[in-house]
Structure formats: C-alpha cells, structure tokens
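Here the structure comes first, spelled out in structure tokens, and everything after it is commentary.
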Amino acid sequence: MEREQFYREVVGFLTRTASDAGTTAPPADIDPDDNLFDLGLVNSFSMIRMIVFVEETTGVAVDLADHELETFYTLRGLYDVVAGTEERV
Amino acid sequence: MTVTEQRPTDEEHIDRIRRRFATVGCAQLADAAPDFVVPLRLPAMPRNGRPRMCGPVFPVATNDDMLPALQALAETPPGHVLFIHNTVTPSEAIVGDIFLTSAAVQRLGGIVVDGAVRDLTDLVAIDVPVFSTQVTFVSARTTSQRATDLPQTVEVAGVSVRPGDWLFGDPDGLLLLPAERVGAVFAAGAVLRDREEALKKAMQHDGKSLADLTHLGDFLDGTGDLGFTP
C-alpha cells in the first residue's frame with residue numbers, strides 16, 4: 001500500500017471511530033508527523049484498535065519488540081513500521 | 001485482509017518480548033486491550049521472588065500424577081511457559097526444586113501450577129519464575145497415567161488454555177492472549193504504561209491530586225465532565 005493511501009485509510013478509521021473511542025476526529029490538515037496522542041486523536045485505550053486496523057488493512061503484523069514506542073505515535077511512523085522502512089531497535 | 005506475516009516463536013524473539021514486559025504489567029495489558037485479553041482467574045501467586053512471567057503456553061492436565069508433568073517438562077520448548085493443571089484439590093506438590101532446576105537447564109520461560117508446589121526456600125535460587133495456587137510439602141508420588149497427547153488444551157476456570165497462546169503472570173494475576181495479537185497488545189500496554197508514568201510524575205511534580213486531574217469538583221457541581229484518559 002502506498003504511503004498516501006495508508007494515511008487516508010488511518011485518518012478515515014480515526015474519524016469513524018472517534019465518537020465511540022472518546023477521541024477527537026482528525027483535522028483536515030493533519031500532518032504525517034503530528035503526534036496522534038497530543039492531538040487527542042488516539043488515547044491509550046483506543047490505540048489497540050488502531051494497531052489492529054493497521055495490521056488488518058496492510059496484512060503486516062506490528063511487533064513492539066522491534067520498534068520504539070514513539071514510532072506508533074505518528075502516521076509516518078506507523079507507515080514506516082508496516083512498510084519495513086522504520087529502523088528496528 | 002489477513003495478517004500474513006508469521007510471528008516468530010523462537011526463543012530469541014520470546015526473550016526480547018519478555019525483556020520489554022519487564023516494565024509492563026497485566027493491569028496495563030488488560031486496560032489497553034480488553035477485547036483481546038482473557039483473564040485466567042486462578043489464585044496463583046509467584047513463589048520464588050520472580051514476579052513476572054510470559055511466553056507461549058504449553059498446557060498439560062494431571063490428576064496428582066507426576067508422569068504427565070514430567071512428560072510435559074521434557075517436551076516444553078525453551079522460552080515457553082509450562083502450565084500444569086492438577087484436577088485434584090487439595091493438590092499434592094507437582095513442582096519442587098529438582099523439577100524447577102530442570103526447567104532452568106531447559107531455559108523455560110516459567111511454570112504455572114494450578115495446584116501445589118514445594119521447596120519454596122530452594123526455589124528462590126532458581127532463575128525460572130514459578131507461580132502456583134497452592135503450597136504443600138506433600139509430594140505427588142504416583143507415576144501411572146501416561147499423557148498421550150502433548151501439549152493439550154486444558155479447561156481451567158471457565159477458560160480454554162490452548163497451546164501456543166501467550167500466558168502472562170504477575171502478582172495481579174494471570175492472563176492469556178492469542179499469539180497473533182501479542183505484538184499489538186504489548187505496544188498498546190507499553191504506551192499506556194508510559195503515559196501512566198508521565199501522569200504520576202506530573203502529579204508529584206505539580207502537587208496535583210487525582211481529584212484535580214479528573215476535574216471531580218466540576219463534575220460533582222454539574223459544570224464539567226469527569227476524568228481523563230491517559
């Protein structure tokens with residue numbers, strides 16, 4: 001999956017689930033490097049759903065053992081993980 | 001889409017996750033991923049001073065008989081957690097210092113006994129976490145009931161403990177996770193842990209109480225919402 005399509009998929013997911021998750025819907029001008037937590041788009045209780053969505057959308061398993069936590073805080077980091085371009089720890 | 005990438009279950013990978021788990025507890029995992037965590041409601045306690053344990057589970061059932069436990073010990077792969085369900089209560093001791101020494105030599109990730117262990121003073125020196133629901137000095141002596149199928153799915157406390165599921169234990173209790181969700185759940189649990197730690201530091205640094213942070217007064221006055229989400 002291309003990077004821009006991935007961003008759209010995740011933003012769409014966050015928009016659809018914001019009400020149920022008690023989070024804020026993403027702004028139209030969200031930047032790939034924005035911290036999803038700081039913007040209130042993801043919280044600790046909704047993060048698992050976002051990760052599972054990413055896994056099921058891309059078919060790639062996300063594994064904490066291979067990445068720094070901060071990687072999961074931005075759209076760019078998430079894409080780099082599933083694309084295999086994120087540096088592994 | 002199906003998640004097709006196979007999660008490694010080799011000892012090195014298990015050990016890497018275990019090191020990460022050193023600072024993430026069952027409470028964070030359960031809070032962060034309630035849809036994927038299955039509580040295993042047994043009154044199991046750490047018995048040798050090693051309060052956290054995790055790994056793919058290798059289950060076996062027995063009936064106060066040492067033979068299935070010995071067979072399972074022989075077959076449990078390195079890094080895995082041997083789970084022994086003794087159907088007899090009160091249980092005779094299924095695991096002691098010699099059994100656990102073998103587990104250490106075999107580099108097991110841990111042992112959970114739904115039943116009794118013994119030799120507690122000697123278990124402390126053995127570097128494999130061991131949890132149990134009971135303790136007794138009375139050893140199981142029977143070795144007559146050969147297990148014909150190992151590992152085996154075991155039904156305990158209304159939960160199926162299936163081979164390969166991941167078992168986590170700490171002083172708060174035990175929980176199970178499907179293997180295919182371990183990475184995602186750990187990521188979520190670790191994030192929750194980090195944010196909880198930041199919250200506690202903020203409370204200590206700013207001298208704020210939980211009532212302050214949750215806006216409890218505003219909520220009780222009907223002028224605001226309650227709570228925060230880490």
Side-chain angles (χ1 to χ4, degrees), chain A residues 1-2 5-6 9-10 12-14 17-24 35-75 77-86 88-89, chain B residues 1-25 27-37 54-55 79 166 168 177-199 225-230:
Chain A
M1 180 181 294
E2 294 299 318
Q5 182 188 352
F6 175 84
E9 295 277 0
V10 176
F13 171 79
L14 294 176
T17 58
S19 176
D20 182 52
T23 52
T24 303
N35 186 311
L36 302 175
F37 277 85
D38 290 348
L39 293 178
L41 313 184
V42 176
N43 60 40
S44 301
F45 303 129
S46 69
M47 184 173 179
I48 184 71
R49 297 190 187 113
M50 181 181 70
I51 295 174
V52 169
F53 173 79
V54 167
E55 287 190 329
E56 293 181 345
T57 301
T58 63
V60 176
V62 172
D63 199 331
L64 169 70
D66 291 335
H67 304 283
E68 298 291 352
L69 285 182
E70 290 73 14
T71 304
F72 301 102
Y73 289 11
T74 66
L75 293 173
L78 283 169
Y79 181 79
D80 287 344
V81 166
V82 298
T85 53
E86 167 66 23
R88 294 178 177 234
V89 297
Chain B
M1 179 182 291
T2 303
V3 179
T4 53
E5 180 178 312
Q6 292 297 310
R7 294 184 187 283
T9 55
D10 60 272
E11 183 182 4
E12 180 184 349
H13 181 79
I14 295 168
D15 191 52
R16 293 185 69 197
I17 291 180
R18 185 173 295 124
R19 288 198 298 272
R20 293 272 179 135
F21 182 58
T23 58
V24 181
Q28 284 87 32
L29 296 176
D31 282 353
D35 295 340
F36 300 105
V37 163
C54 74
W166 274 61
F168 300 86
L177 277 177
E180 65 272 18
R181 294 297 184 208
V182 166
V185 172
F186 258 106
V191 167
L192 178 58
R193 184 274 324 276
D194 278 8
R195 297 184 75 83
E196 287 179 341
E197 289 302 314
L199 183 66
D225 294 328
L226 178 66
F228 60 88
T229 304

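Note on naming: letters A, B, ... go to the chains in the order of the sequence lines (proteins, then strands), and numbering restarts at 1 for each one.
Partners of B:Glu197 according to the salt bridge (charged side-chain N to carboxylate O under 4.0 Å, His left out) rule, which considers only residues two or more places apart in sequence or in another chain, are B:Lys200.
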Side-chain donor/acceptor pairs under 3.5 Å, residues 186-194 of chain B, sequence neighbours excluded:
| unit_1 | atom_1 | unit_2 | atom_2 | d |
| --- | --- | --- | --- | --- |
| B:Arg193 | NH1 | B:Thr23 | O | 3.0 |
| B:Arg193 | NH1 | B:Thr23 | OG1 | 2.2 |

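Between B:Asp35 and A:Arg49, some side-chain heavy-atom pair lies under the 4.5 Å cut-off.
Closest approach of B:Asp31 to A:Phe45, counting heavy atoms only: O-CD2, 3.3 Å.
With a 6.0 Å radius and a threshold of 12 heavy atoms from other residues, nucleotides or ligands, B:Asp225 has its CG atom at or below the threshold.
A distance of 7.5 Å separates CZ of B:Arg181 from CD1 of A:Ile48, quoted to the nearest 0.5 Å.
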